[in-house]
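In what follows, chains are A, B, ... by sequence order, proteins preceding strands, each numbered from 1. Everything numeric here is computed off the predicted structure, so don't read it as measured data.
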Protein chains: 2
Amino acid sequence: MMNGRRLALMQILDSRKKYTARELAERFGVSMRTIQRDLDYLQTIGVPLYAEVGAGGGYRALPNRLMPPLQLNQSEALGLFMLLQLLELVPDFPYGEIRSHLADHYYSSLPLDTKEQIDRIGDHLAFIQRAAVIPAPWTTLILEAAMEKRRLSFDYSSSGGIKITQAFPLGLYYEQGCWYVPALKDERTLLYRADRMHNVCKLDATLPELQTMKEWMKQEDDRERVQVSLQFTPFGARVAQTDPDYDLITDDRWEGLVPHQELPFLARKLLRFGPEVRVLQPPALRSLVAGLLRQAAEQYAHDEDVTS
Amino acid sequence: MMNGRRLALMQILDSRKKYTARELAERFGVSMRTIQRDLDYLQTIGVPLYAEVGAGGGYRALPNRLMPPLQLNQSEALGLFMLLQLLELVPDFPYGEIRSHLADHYYSSLPLDTKEQIDRIGDHLAFIQRAAVIPAPWTTLILEAAMEKRRLSFDYSSSGGIKITQAFPLGLYYEQGCWYVPALKDERTLLYRADRMHNVCKLDATLPELQTMKEWMKQEDDRERVQVSLQFTPFGARVAQTDPDYDLITDDRWEGLVPHQELPFLARKLLRFGPEVRVLQPPALRSLVAGLLRQAAEQYAHDEDVTS
DNA sequence: TCGAACTATGACAATAGTTGACGTAATTAA
DNA sequence: TTAATTACGTCAACTATTGTCATAGTTCGA
């Protein structure tokens with residue numbers, strides 16, 4: 001049976017220092033024999049202890065996998081299950097075991113009325129988000145490798161076919177239903193998609209001086225930028241206001257700095273607004289947008305007489 | 001001391017049925033006296049039990065607010081803290097107390113090495129999402145009212161100014177950085193934005209036959225639909241594959257049913273693909289897209305000579 | 001009004017679990 | 001080798017839990 005002393009013992013050993021049975025016995029005011037029996041018990045319930053016998057020996061615990069219990073109140077529990085609902089939209093979440101632990105084990109241990117409330121939340125709360133259908137089962141492994149700054153080997157399928165690749169992942173990020181992996185390969189940082197990676201495995205090589213993804217993202221933000229100014233129609237402005245890409249300064253005009261490399265990407269984005277936006281600056285973006293529009297319109301050229 | 005039987009007893013009583021000491025004793029295979037002692041103990045530690053004495057009496061528990069503790073292992077805890085990072089992007093999460101409980105209290109009770117790992121996750125994991133800047137502090141209250149099918153009173157600021165409004169909220173949903181509230185006002189279901197609601201308070205009136213948000217959303221989905229078929233270029237198909245709106249059946253073709261009312265909306269969406277998509281069906285959508293393209297192109301008409 | 005079906009509580013012995021004391025063996029560092 | 005240590009078995013002492021019995025009070029319904 002788990003009593004207070006055994007719990008405390010577990011936590012003391014978690015500090016990863018070494019303790020002799022005598023020290024522990026004195027600390028708790030019990031006999032050494034009792035301590036030994038406690039340690040026995042802890043081992044049987046799975047706490048990873050080990051002992052060094054002989055002079056200078058003692059007991060230690062491996063980095064412990066048993067966390068202290070989390071005691072929530074009802075509204076915190078409700079919040080947790082709402083969070084779980086949000087999680088449903090993010091497929092292949094790393095360390096995703098938490099999902100089933102909460103949904104199955106913890107849920108069933110809750111009081112009945114709390115369960116009812118949780119069930120009812122589902123009727124009244126939703127998160128609308130593009131959920132990817134493409135599975136990316138290796139996210140946990142990739143994240144682990146990034147945290148250990150360890151090299152990965154994987155098969156990567158791109159338009160050119162499948163290639164076995166090795167790279168150091170910087171981290172993992174989720175955007176619009178997709179997991180992306182910036183990774184260092186041969187001195188260059190490339191962006192991989194996690195769902196196109198297969199047979200991922202960690203290699204032995206590590207690179208301690210590897211930058212973190214956080215640093216990389218910051219650096220990406222610092223690239224050369226171009227002044228862009230857009231003019232929306234009143235309707236376009238209303239649409240744009242609900243799109244957080246554009247923080248409108250005045251009602252119908254947007255000004256901002258955009259990395260030079262992203263102009264083609266921005267041009268495609270602006271297509272969405274069709275006639276509701278006009279590019280004032282820079283000319284390069286003007287012609288990109290105009291070019292795309294012309295190409296698109298050509299597809300419908302022979303419809304002209306019908307629609308006009 | 002809390003043992004398994006007492007915990008189980010607590011959960012059984014939580015179901016809010018009534019049990020006699022005899023029933024419980026038989027269930028656990030112990031004597032009635034033991035059950036009574038257990039109940040005594042549970043009361044001393046604060047479980048809100050009460051007994052009805054006399055014939056037809058028995059023991060009950062008040063709806064219990066003491067949740068059982070949640071015991072996670074390390075990787076589940078890591079998952080939980082990643083989940084917390086995702087939560088950072090959703091402002092004004094209802095029942096948001098969970099956030100600080102986890103970030104402050106639970107975090108500090110974890111073993112050292114787990115804390116380190118959690119800290120490092122932040123360097124290697126990100127969720128990229130448009131985070132709204134507009135605060136919507138009333139989400140918990142709105143959700144509660146929806147679950148209780150209770151009328152709300154609030155000040156709503158729209159383009160026409162601020163109006164005091166009363167309505168029955170069906171629920172709450174989050175999309176692209178904004179909380180939305182479908183609500184029944186005078187027989188019609190309107191869509192409010194939570195960030196534009198102020199001074200929200202629950203009124204006494206309830207409407208038990210009010211539909212849930214889930215039902216409402218389903219109904220929205222069930223409107224009359226039209227067969228749409230799209231033809232993508234290979235490049236367009238690649239782009240579309242990352243957009244979960246389109247589940248491609250073959251590599252470069254999309255077929256689906258779309259509510260008739262949403263064709264104009266879909267037309268605007270398709271603009272995004274510019275030259276990479278062609279509408280095959282229905283003709284109505286074809287002409288909508290063509291029309292938008294023509295309008296848009298006119299803005300750049302005098303640039304033609306430069307770009308061609 | 002009575003008796004059956006309950007809870008509430010105390011006393012005490014029987015049972016089960018925990019602890020301490022002691023012994024013995026094995027391992028290890030100095 | 002010796003001292004410090006883990007490992008573990010045995011048994012008696014101690015402590016906690018449980019069952020049995022007794023008694024008293026409340027409530028319901030015949």
Side-chain angles (χ1 to χ4, degrees), chain A residues 1-66 68-69 111-112, chain B residues 1-66 68-69 71 111:
Chain A
M1 201 133 299
M2 179 63 96
N3 61 30
R5 188 186 56 236
R6 285 174 177 172
L7 218 87
L9 192 56
M10 198 175 110
Q11 291 189 337
I12 285 172
L13 286 168
D14 231 355
S15 67
R16 293 204 257 153
K17 285 194 211 96
K18 191 163 58 177
Y19 296 92
T20 66
R22 170 169 291 108
E23 287 170 325
L24 294 169
E26 276 163 18
R27 185 159 198 158
F28 288 105
V30 296
S31 69
M32 283 169 59
R33 190 69 186 84
T34 300
I35 290 295
Q36 284 179 320
R37 279 194 272 243
D38 284 348
L39 294 172
D40 243 38
Y41 169 80
L42 289 176
Q43 282 193 312
T44 64
I45 63 163
V47 182
L49 300 176
Y50 69 98
E52 293 163 21
V53 288
Y59 296 95
R60 286 169 184 274
L62 291 171
N64 193 350
R65 291 162 184 272
L66 287 174
L112 210 72
Chain B
M1 201 129 303
M2 179 65 95
N3 61 30
R5 191 186 53 236
R6 285 175 177 173
L7 218 88
L9 193 55
M10 196 175 114
Q11 292 187 343
I12 285 172
L13 286 168
D14 236 349
S15 67
R16 294 203 258 153
K17 286 195 211 94
K18 193 162 58 176
Y19 296 92
T20 67
R22 170 170 291 108
E23 287 171 324
L24 295 169
E26 275 163 17
R27 186 156 196 160
F28 287 105
V30 297
S31 68
M32 282 170 60
R33 190 70 187 83
T34 299
I35 290 296
Q36 285 177 320
R37 280 192 273 243
D38 284 346
L39 294 171
D40 243 38
Y41 168 81
L42 289 176
Q43 282 193 312
T44 65
I45 65 162
V47 181
L49 301 177
Y50 69 99
E52 292 163 22
V53 290
Y59 296 95
R60 285 171 184 273
L62 291 172
N64 192 351
R65 269 133 216 291
L66 287 174
Q71 180 76 55

For the CD atom of Glu23(A) and the OH atom of Tyr59(A), what is their distance to the nearest 0.5 Å?
12.0 Å
Between dC6(C) atom P and Lys18(B) atom NZ, what is the distance in whole Å?
10 Å
Length of the CG-C1' vector between Leu9(B) and dT17(D), whole Å:
15 Å
Side chain to side chain contact (heavy atoms under 4.5 Å, CB included) test vs Met10(B) passes for just one of Val47(B), Asp38(B), Leu39(B), namely Val47(B)
Does Met32(B) or Asn3(A) map to a spot on DNA chain C nearer the 5' end, using the closest nucleotide for each?
Met32(B)
What is the distance, rounded to the nearest whole Å, between atom OH of Tyr50(B) and atom P of dA8(C)?
13 Å
Kindly say if Ser31(A) contacts the phosphate of dA21(C), meaning a side-chain N or O under 4.0 Å from OP1 or OP2.
no
Give the minimum heavy-atom separation between Ala61(A) and Leu49(A), together with the two atoms involved.
CB-CD2, 3.7 Å
Arg60(B) CZ to dC6(C) P: how many Å, rounded?
14 Å
So if I define the base as every atom that isn't primed, P, OP1 or OP2, how would nucleotides 22-30 of chain C read as a B/S/- string at a heavy-atom cutoff under 4.0 Å?
-----BBS-
Within residues 36-45 of chain B, residues whose heavy atoms come under 4.0 Å of DNA chain D
Arg37(B)
Give me the atom names and distance for the closest heavy-atom approach of Lys17(A) to Arg60(A).
O-CG, 3.9 Å
Any side-chain heavy atom of Phe28(A) within less than 4.5 Å of one from Ile12(A)?
yes
Rounded distance (nearest 0.5 Å) linking atom CD of Glu26(B) with atom OG1 of Thr20(B)
8.0 Å
Could you give the CD-to-P distance, from Glu26(A) to dG20(C), as a whole number of Å?
13 Å
Return the minimal non-hydrogen interatomic distance between Val30(A) and Arg5(A), and the atom names on each side.
CG1-NH1, 3.8 Å
Atom of Gln71(B), atom of Pro69(A) and distance for their closest heavy-atom approach
OE1-CB, 3.9 Å
Tell me: CD1 of Ile35(B) to C1' of dT17(D), nearest whole Å?
13 Å
How many Å lie between OH on Tyr19(A) and C1' on dT6(D), as a whole number?
18 Å
With rounding to the nearest 0.5 Å, note down the distance linking CG in Asn3(A) to CG in Asn3(B).
12.5 Å
Answer with base, sugar-phosphate or nothing: what part of the nucleic acid does Thr20(A) contact at a heavy-atom distance below 4.0 Å?
sugar-phosphate
Between P on dA16(D) and CZ on Arg6(B), what's the gap in Å once rounded to a whole number?
13 Å
